[in-house]
Participant: 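First the structure, which I've put down as structure tokens, then a few questions once you've had a look.
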Number of protein chains: 2
Amino acid sequence: MSTIRDVAKIAGVSIATVSRVINFPEKVGIETRKRVFRAMEVCRYKYNALARGFATKRSHTFGLIVPTITNPIFAESTRGIQDFANEQGYQVILGNSDYQYEKEAKMVEVLRERQVEGLIITTTNLKGETLKSLLDDRFPFVLLYSTVRRGPISAVGVDNFLGGYRATEHLIHFHHRRIAMLAGAFNCSDRSFHRWHGYKRCLKDNHIPYDPDLVLKTEYSLARGREGVKSLVSFKNPPTAIFCSNDFLALGAMAGAREAGISLPQDLSIVGFDDMQIASSVTPALTTIRQPAYEMGELGAKILLHHIGNKVYKPVHKILATRLVIRESTTVVRTMKKEFYKTKAMSVHGA
Amino acid sequence: MSTIRDVAKIAGVSIATVSRVINFPEKVGIETRKRVFRAMEVCRYKYNALARGFATKRSHTFGLIVPTITNPIFAESTRGIQDFANEQGYQVILGNSDYQYEKEAKMVEVLRERQVEGLIITTTNLKGETLKSLLDDRFPFVLLYSTVRRGPISAVGVDNFLGGYRATEHLIHFHHRRIAMLAGAFNCSDRSFHRWHGYKRCLKDNHIPYDPDLVLKTEYSLARGREGVKSLVSFKNPPTAIFCSNDFLALGAMAGAREAGISLPQDLSIVGFDDMQIASSVTPALTTIRQPAYEMGELGAKILLHHIGNKVYKPVHKILATRLVIRESTTVVRTMKKEFYKTKAMSVHGA
DNA sequence: CCCAATAATGTAACTGTTTACATTCTCAAT
DNA sequence: ATTGAGAATGTAAACAGTTACATTATTGGG
């Protein structure tokens with residue numbers, strides 16, 4: 001509507017003075033300042049932050065790309081980012097990639113055109129091309145939920161390998177030996193891959209043979225979790241426990257198990273990954289590997305802001321601690337005990 | 001980095017021509033066009049959408065305010081908004097109000113300074129002041145999850161009264177007579193208020209006396225749901241069913257009931273409101289009133305875009321249909337039956 | 001009373017596009 | 001050859017701020 005020039009005219013000062021009362025009021029004489037404020041009232045002046053961004057080449061905007069804001073774990077980290085960003089006078093433009101490379105790359109482009117000052121990319125399968133151009137241009141960005149621990153790209157994440165290991169270990173402590181995994185999709189990020197490695201390694205360390213039939217690579221969703229258990233449970237020799245690569249899968253698996261008439265956790269132990277808010281309130285409450293999502297977002301935003309502020313670019317890598325939260329969806333093996341003894345007897349018999 | 005002028009210089013054309021190849025390539029001779037594209041490659045030209053926005057006074061940006069993106073139901077409608085907006089070349093800046101008036105008002109101001117072309121405000125307790133200034137300025141905005149059905153403000157929402165009525169009615173069909181309500185907070189939006197009215201009315205229509213002790217006005221959260229049941233259940237004459245004003249409350253109530261040793265749904269029926277994604281996958285699966293959140297977001301964005309495009313402002317009000325989704329968390333009253341017969345016997349005795 | 005330092009204010013260029021309008025060019029119809 | 005229409009291209013102003021630099025006013029010390 002009305003601009004700085006209108007205000008200047010009404011107040012009888014120059015536009016520079018108006019600009020100063022907006023940005024450095026103390027640099028302007030008290031009387032003039034008052035006059036300017038009054039003039040602003042008069043013409044209902046509204047500051048134009050976009051014009052300012054244009055003039056200063058600072059948009060005070062972050063771009064944020066998540067697979068889908070619909071997943072509570074990403075909503076959580078998004079809050080962490082927003083809260084920090086807003087506090088620092090930044091706003092965030094949010095885009096969804098749906099785990100698709102093309103959408104992600106497109107979004108990066110769109111956001112850069114919009115002159116966001118930096119990008120937070122949450123779990124990525126960006127091809128080298130996009131990443132390289134970001135790097136070449138020294139464009140500030142940080143990866144969230146990332147597994148990278150070195151190299152030129154800043155990243156914050158958790159130790160997915162360790163998380164997978166701990167989850168599996170917990171199950172083994174409860175005497176499970178036949179442990180399946182709903183592993184997520186390997187093509188869309190390497191987090192699921194690392195969790196799977198942790199699982200495999202833990203099996204190995206405990207002298208449990210790895211059975212590839214027990215790991216299902218599926219997309220992260222309730223539906224896939226539900227289907228997953230059903231197929232697992234129909235095996236001649238079904239698992240007594242499942243490690244799910246995220247909570248959606250775990251929650252879906254619980255629902256599926258129930259539909260299949262399996263009682264939880266007695267007949268099937270389930271552990272998830274993420275610890276989304278609802279995990280503690282379902283029945284049975286979900287045992288899971290907690291990721292500090294909010295903190296991760298907050299930290300990512302902090303790092304990004306730091307990159308924006310400093311011309312020398314020094315990548316930083318942060319690994320946040322996960323935590324095994326033991327609740328009710330896991331218990332010591334039961335059905336398998338029978339099996340176990342039976343097998344033993346048979347092997348004695350056979351010897 | 002490099003601007004349209006650099007490109008122009010390299011290609012040996014005027015800046016207007018470069019601008020034209022970007023916006024109306026067909027208006028430029030094929031040869032020149034090629035030369036310009038080549039020049040862009042050479043200097044790695046990047047389009048500056050912010051400068052364009054400044055020049056055209058169109059930011060191609062929506063502002064979106066939600067209580068918190070952390071609530072899956074708002075994440076759902078946010079996706080609806082984003083998907084439509086992106087498709088139309090718009091981006092969305094997201095802000096959280098945490099159900100607080102001040103934050104909401106602040107966010108409106110910040111977003112307007114940023115020259116968003118319109119605002120989608122999702123459930124608001126905006127005071128007249130802010131709303132009035134939006135209206136006075138003819139600033140395009142639409143309310144989501146709104147209860148307003150007439151007047152100068154565009155709004156889309158559901159019939160909360162009817163939803164509350166239906167939920168209660170469902171419980172009554174199952175012979176519940178002592179029905180509590182976890183009602184949400186009345187000060188932060190009138191949706192909970194309407195749901196409560198639906199509940200009251202349904203009680204009345206069925207000749208069940210309204211007992212104010214049975215309605216707890218609490219904030220929308222798992223924790224409050226959990227606390228809520230516990231207090232309800234400790235009554236000398238506890239309810240046999242609870243209608244919860246949203247799914248968080250309902251899910252929290254289920255967890256709380258379980259902790260109190262109550263078996264669901266036999267001893268306590270629970271119905272929620274929203275139908276968030278997880279509602280169908282918990283145990284027992286939650287009976288709830290479904291709101292079409294994604295569609296609501298999409299529709300809201302459509303209406304907003306329409307307002308932006310048309311200078312004459314004609315407010316529109318849309319009420320989307322809710323649906324009672326019956327699952328497993330509600331069943332015919334059991335414990336109450338005893339009570340019921342006993343009471344009957346007594347009354348006979350007393351007669 | 002003068003000078004220098006400092007505070008207050010003004011001038012004008014700059015940011016990267018778009019766009020109305022002007023100019024030039026091409027070509028077909030006269 | 002002349003004209004006029006239409007296509008291709010160029011010129012320059014506008015958008016709403018910021019900011020380096022210049023100018024003017026004020027003040028305190030000599």
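Here is how names work: the chains are called A, B, and so on, in the same order as the sequence lines, proteins then strands, and each is numbered from 1.
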Participant: Rounded to whole Å, how long is the line connecting atom CD of Glu26(A) with atom P of dT6(C)?
Facilitator: 18 Å
Participant: Working note: Phe54(A) + Ser59(A), criterion side chain to side chain contact (heavy atoms under 4.5 Å, CB included); need CA distance, chi angles, decisive distance, verdict.
Facilitator: CA-CA 7 Å; Phe54(A) 172 58; Ser59(A) 63; over 6 Å; no
Participant: Specify the separation, in whole Å, of atom CG of Asp6(B) and atom C1' of dT17(C).
Facilitator: 13 Å
Participant: Check whether the side chains of Arg112(A) and Tyr47(B) place a donor and an acceptor atom closer than 3.5 Å, and report yes or no.
Facilitator: no
Participant: Can Thr147(A) and Asp190(A) be counted as having a side-chain donor-acceptor contact under 3.5 angstrom?
Facilitator: yes
Participant: Just how far, in rounded Å, is P of dA8(D) from CZ of Phe24(B)?
Facilitator: 14 Å
Participant: Going 5' to 3' through nucleotides 9-17 of chain D, assign each nucleotide B (protein heavy atom under 4.0 Å from a base atom), S (under 4.0 Å only from sugar-phosphate atoms) or - (no protein heavy atom that close).
Facilitator: BBBB--BBB
Participant: Is the backbone of Phe74(A) close enough, under 3.5 Å, to the side chain of Ser77(A) for a donor and an acceptor to pair up by distance?
Facilitator: yes
Participant: Are side-chain N/O atoms of Arg79(B) and Thr68(A) paired as donor and acceptor at under 3.5 Å?
Facilitator: yes
Participant: Is there a donor-acceptor contact under 3.5 Å linking the side chains of Thr61(B) and Arg114(A)?
Facilitator: yes
Participant: Would the Phe84(B) and Tyr90(B) ring centres measure less than 6.0 Å apart?
Facilitator: no
Participant: Using the C1' atoms of five pairs at each end, what's the angle between the two axes of the helix from dC1(C)-dG30(D) to dT30(C)-dA1(D), to 10 degrees?
Facilitator: 50°
Participant: Without swapping roles, check the side chain of Ser154(B) against the backbone of Val316(B) for a donor-acceptor pair under 3.5 Å.
Facilitator: yes
Participant: Figure out the CG/P separation between Leu50(B) and dC14(C), and round it to whole Å.
Facilitator: 20 Å
